[in-house]
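Here the structure comes first, spelled out in C-alpha cells, and everything after it is commentary.
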Amino acid sequence: IIECSQLNRIAGSDTTGITATFALLLLLNNQDKLKELISEIHSTFPSLDDTITFAKTQDLPYLNAVINESMRVMPIVTAGKFINSNHDIH
C-alpha cells in the first residue's frame with residue numbers, strides 16, 4: 001500500500017506539472033488571456049498576505065477554464081493513447 005501511494009503521488013505530480021507547464025505555455029502565447037487571468041487572481045487575492053485556499057480557488061472561474069482548456073488543447077498522452085478533442089468545454 002505504501003509503495004502504491006508513493007507511486008500515485010509521483011504520477012500525480014508529473015501530470016499536474018505537465019498540465020501547469022502547458023497552461024503557462026498557452027498563456028504566454030496569448031497575452032490577453034494571461035492579463036485576464038492575472039486580473040481575476042488579483043481581484044480574489046488583492047494582498048500578498050491573503051491566504052490561498054482550495055475553496056477560494058474554486059471561485060476563480062477563469063483560472064479553472066484556463067486549466068480545462070489547456071488539458072483540452074494539449075492533452076497528456078497516457079498509456080499510449082492519444083486523446084483528441086475538437087469540442088469546447090463549457
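All residue numbers refer to positions in the sequence shown, counting from 1.
Proximity of Met71 to Asn68: side-chain heavy atoms (C-beta onward) are separated by under 4.5 Å at one or more points.
Thr53 meets the side-chain contact (heavy atoms from CB on, under 4.5 Å) test with Thr51, Ala55, Lys56; sequence neighbours excluded. Applying the side-chain contact (heavy atoms from CB on, under 4.5 Å) test to Gln31 and every residue at least two apart in sequence or in another chain returns Leu28, Leu34.
One distance of note links CD1 of Ile52 with CG of Leu60; it measures 9.0 Å at 0.5 Å rounding.
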Side-chain donor-acceptor contacts of residues 36-49 below 3.5 Å, not counting sequence neighbours, with atom names and distances?
from	atom 1	to	atom 2	distance (Å)
Glu40	OE1	Tyr62	N	3.3
Glu40	OE1	Leu63	N	2.9
Glu40	OE2	Tyr62	N	2.8
Ser43	OG	Ser39	O	3.4
Ser43	OG	Glu40	O	2.8
Thr44	OG1	Glu40	O	3.1
Ser47	OG	Asp49	N	3.0

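Cluster membership for Leu25 and Val73, using ILVMFWY side-chain heavy atoms within less than 4.5 angstrom, is shared.
Annotation for Phe22 and Pro75: closest pair CE1-O, 4.4 Å, computed over non-hydrogen atoms. The minimum heavy-atom distance linking Asn30 with Leu26 is given by the pair ND2-O, 2.7 Å.
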